[in-house]
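Order of appearance sets the numbers: ligands from 1, and atoms from 1 within every ligand. Predicted model, so just to flag it, every value in this text is computed and none were measured.
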Amino acid sequence: MDYKKTYEQFLSYLKKEDKKQSVLYALSLLDQEKLTIEELYEQLLAPSLIFFECDVDDENVCIWKEHTRTSIIRTIIEASYPYIIKRKDQIKSLQKRVVVLTPSFEYHEIGAIMVSHLMLLQGFDAVYIGANTPKQDIISALRAYHPDYIALSVTNPYNIVVTQQICDEIKRFFPEIKIILGGQAFQDQAAMDKIQYDHFLADFKAIKTFADEVRK
Ligand code: B12
């Protein structure tokens, strides 16, 4: 598969804010088995947001353009769910539950949703509980789900402090639950120095490596 050509085609629809063609094109790649879910997320969807460039000078226009693109990508991710279930039925469960979320004040959630899907595909029983999740709701979810892992996705470095507080609380009340961190806020290793965590997974590939270790 020529990822570059496929990405450029996809980007040409996105640049026109053509939701219909963007969604149909992405889903046709899954339908025709030209791309796996992992490839779709990694090669097309994630870069189309991470490398989003606004080609107009007006900042107000750029804001709605970014929002429109995010909304298109979100639709594709949600529409991929039936493909995920289909594949999940064919793989062996790891018998490990993971709760995925973004902490208070963190609105960037596309990475977290993708991570929850990719964890499902690796055999985890993964549940995404939302963005901007307050500490008390996290504690309540952990009580309800009794997961083996909690995965926190953090993008904005300003949210490192609140992440640290949440992790302290989790370790205090649920020392048995392992904490997984991921997201752009941890590009700088120093960001993690004061946080109590068990695993840091940098990208989608790291999820597979991690699942392989759990499977052993
Ligand atoms: C879309 C977007 C938004 C949307 C988010 C909508 C939504 N529903 O998610 C909205 C409009 C809300 C938004 C708001 C803001 N944003 Co914004 N946003 C983006 C944008 C364009 C894309 C983010 C995205 O979805 N990327 C795609 C996903 C797949 O990437 P990802 O999350 O990094 O995930 C990857 C890895 O990090 C990893 N990963 C992520 N989480 C996890 C978790 C685990 C467990 C694992 C294993 C892996 C993992 O897996 C993915 C694959 O590699 C980025 C640009 C960029 N460079 O990313 C800016 C960006 C992140 N935003 C930025 C900023 C500054 C803001 C605002 C502060 C703007 C403002 N002034 O209001 C607010 C903050 C809101 C808040 N309180 O959180 C900056 C952050 C700069 C910084 N480092 O501080 C960026 C980088 C833009 C820029 N170049 O300046 N944003």
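Across every non-hydrogen atom of I160 and A191, the tightest pair is CG2-O, 3.5 Å. The two atoms that bring Y83 and L27 nearest to each other are OH-O, 3.9 Å, heavy atoms only.
The N/O atoms of N159, backbone and side chain alike, include none that comes under 3.5 Å of an N/O atom in ligand 1. For a threshold of 3.5 Å applied to N or O pairs, the pair formed by Q184 and ligand 1 contains at least one separation below that value. Considering backbone and side-chain atoms alike, F105 places an N or O below 3.5 Å from some N or O of ligand 1. Where the criterion is an N or O separation shorter than 3.5 Å, residue side chain and backbone included, I50 meets it with respect to ligand 1. Considering backbone and side-chain atoms alike, S153 places an N or O below 3.5 Å from some N or O of ligand 1. The distance criterion of under 3.5 Å between nitrogen or oxygen atoms is not met by T70 with respect to ligand 1. In terms of polar-atom proximity, defined here as any N/O pair under 3.5 Å, R74 makes no such contact with ligand 1.
The protein non-hydrogen atom at the shortest distance from atom 9 (O) of ligand 1 is E109 N, 2.7 Å. The nearest heavy-atom contact from the protein to atom 54 (C) of ligand 1 is L49 O, 4.6 Å. Nearest protein heavy-atom contact of atom 50 (O) of ligand 1 is F204 CE2, 3.4 Å.
Heavy-atom contacts of I110 reach the following atoms of ligand 1: 9 (O), 25 (O) (cutoff under 4.0 Å). Shown in contact with A151 at under 4.0 Å from a heavy atom are these atoms of ligand 1, numbered in order with element: 45 (C). The contact set between ligand 1 and E106, taken as ligand atoms under 4.0 Å from a residue heavy atom, comprises 78 (O). Shown in contact with A46 at under 4.0 Å from a heavy atom are these atoms of ligand 1, numbered in order with element: 29 (C).
From Y3, atom OH reaches atom NZ of K34 across 14.0 Å, with rounding to the nearest 0.5 Å. Put simply, OG on S80 and CG on L121 are 10.0 Å apart, with the number rounded to the nearest 0.5 Å. One finds the CZ atom of R215 at 9.0 Å from the NZ atom of K92 (value rounded to the nearest 0.5 Å). Going from atom CG of L30 over to atom CD of E39 covers 10.0 Å, rounded to the nearest 0.5 Å. In this structure, S104 OG and I138 CD1 are separated by 6.0 Å, a value rounded to the nearest 0.5 Å.
R97 places a side-chain N or O within donor-acceptor distance of the main-chain N or O of Y145, the cut-off being under 3.5 Å. The backbone N or O of T102 lies less than 3.5 Å from no partner atom in the side chain of S153, so there is not a single donor-acceptor pair. Not a single donor-acceptor pair under 3.5 Å links the side chain of D125 to the backbone N or O of K96. Between the side chain of T6 and the main chain of D2, a donor-acceptor pair closer than 3.5 Å is present. Not one N or O on the side chain of E17 forms a donor-acceptor pair closer than 3.5 Å with the backbone of K65. Side-chain atoms of T70 come within 3.5 Å of backbone N or O of E66 as a donor-acceptor pair.
Less than 4.0 angstrom separates atom 45 (C) of ligand 1 from at least one non-hydrogen atom of the protein. Put simply, atom 57 (N) of ligand 1 has protein non-hydrogen atoms near it, under 4.0 Å away. Closer than 4.0 Å to atom 72 (O) of ligand 1 lies none of the heavy atoms of the protein. Shown here, atom 60 (C) of ligand 1 is in close reach of the protein: a heavy atom of it lies under 4.0 Å off. The presence of a protein heavy atom under 4.0 Å from atom 1 (C) of ligand 1 is confirmed. Within a 4.0 Å radius of atom 27 (C) of ligand 1, the protein contributes at least one heavy atom. For atom 88 (C) of ligand 1, the nearest protein heavy atom is 4.0 Å or more away. Using a 4.0 Å threshold on non-hydrogen atoms, atom 16 (N) of ligand 1 counts as touching the protein.
Contact annotation for E66 and ligand 1: only side-chain heavy atoms (C-beta onward) come within less than 4.0 Å of the ligand. Proximity of N156 to ligand 1, defined as any heavy-atom pair under 4.0 Å, is confined to the side chain (atoms from C-beta onward). Looking at L201 against ligand 1, both its backbone and its side chain come within 4.0 Å, counting heavy atoms. When heavy-atom distances to ligand 1 are checked against a 4.0 Å cut-off, Y158 has no atom that comes that close, whether in backbone or side chain. Counting heavy atoms under 4.0 Å from ligand 1, residue H67 touches it through the side chain alone.
Around atom 53 (O) of ligand 1, the closest heavy atom drawn from T155, D203, I207 belongs to D203. The heavy atom nearest to atom 23 (C) of ligand 1, considering only Q187, M114, H108, is found in H108. Evaluated by nearest non-hydrogen atom to atom 7 (C) of ligand 1, the leading choice among Y107, W64, F210 is Y107. Summarising the contacts of atom 38 (C) of ligand 1 with G111, G182, A202, the nearest heavy atom is found in A202. Of the candidates A206, S116, G183, P47, it is G183 that places a heavy atom closest to atom 40 (C) of ligand 1.
Around atom CZ of F52, more than 12 heavy atoms belonging to other residues, nucleotides or ligands sit under 6.0 Å away. A 6.0 Å sphere centred on CG of D212 holds more than 12 heavy atoms belonging to other residues, nucleotides or ligands.
Ligand 1 is approached by P157 to a heavy-atom distance shorter than 4.0 Å.
A distance of 6.0 Å or more separates the ring centres of F51 and Y7.
Using cut-offs of 30° and 60° for the angle between ring planes, the F210 and F124 rings count as parallel.
Side chains of P103 and V154 form a contact here, defined as non-hydrogen atoms less than 4.5 Å apart.
Look at K171 and D198 and you find a salt bridge, because one of the NZ, NE, NH1 or NH2 atoms lies within 4.0 Å of a carboxylate O, short of that distance.
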